[in-house]
Amino acid sequence: MLGSQGYAAPEQFGFYQTDIRSDIYSLGVLYHVLLTNKLPRDYDLQGIEKRIIDKMIAIDPQGRYQDVKEIIKDLDQLFHIEKRKKRKSNILKLYRDLEVVSFGR
């Protein structure tokens, strides 16, 4: 049985054996749709998740994540970096606000 149109990995339509990487492809498509409300072929994703989703939906299974643990590791790292950037941005905003209050600008 083939997967849903747009979500099925390319190897499901050929003569290649499917494996966990086929599921990773479908998961990448789903992640893309959840973020954009469009299939990857209809919309080029921008943003912090682009690199991860692009790797999940690589046409060649060898170019995809080999297991879900790799995805989790990259997502953890990505959101840790973004959280740190946001924290730094909030600290800078607080500093600027304090500067305004202190110096009456």
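It should be emphasised that the depicted structure is a prediction, and the values quoted were computed from it without experimental measurement.
Shown here for P10 and R64, the closest heavy-atom pair between the two residues is CD-NH2, 3.6 Å. Nearest heavy-atom pair across P40 and I57 is CB-CD1, 3.7 Å.
Residues satisfying the salt bridge (charged side-chain N to carboxylate O under 4.0 Å, His left out) criterion with D19, sequence neighbours excluded, are R21.
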Sequence neighbours excluded and cut-off under 3.5 Å, please list the side-chain donor-acceptor pairs for residues 26-36, or say none.
unit_1: S26; atom_1: OG; unit_2: Y7; atom_2: O; d: 2.6
unit_1: S26; atom_1: OG; unit_2: S22; atom_2: O; d: 3.4
unit_1: H32; atom_1: ND1; unit_2: T36; atom_2: OG1; d: 3.2
unit_1: H32; atom_1: ND1; unit_2: K38; atom_2: O; d: 2.9
unit_1: H32; atom_1: NE2; unit_2: Y43; atom_2: O; d: 3.1
unit_1: T36; atom_1: OG1; unit_2: H32; atom_2: O; d: 2.8
unit_1: T36; atom_1: OG1; unit_2: K38; atom_2: N; d: 3.1
unit_1: T36; atom_1: OG1; unit_2: K38; atom_2: O; d: 3.0

Distance-only donor-acceptor hits, side chain of residues 68-78, under 3.5 Å, sequence neighbours excluded:
unit_1: E70; atom_1: OE1; unit_2: Q66; atom_2: N; d: 3.2
unit_1: D74; atom_1: OD2; unit_2: Y65; atom_2: OH; d: 2.7

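Considering CZ of F79 and CD of E49, their distance stands at 4.5 Å, rounded to 0.5 Å.
Here the side chains of Y25 and P61 are not in contact, with every heavy-atom distance at 4.5 Å or above.
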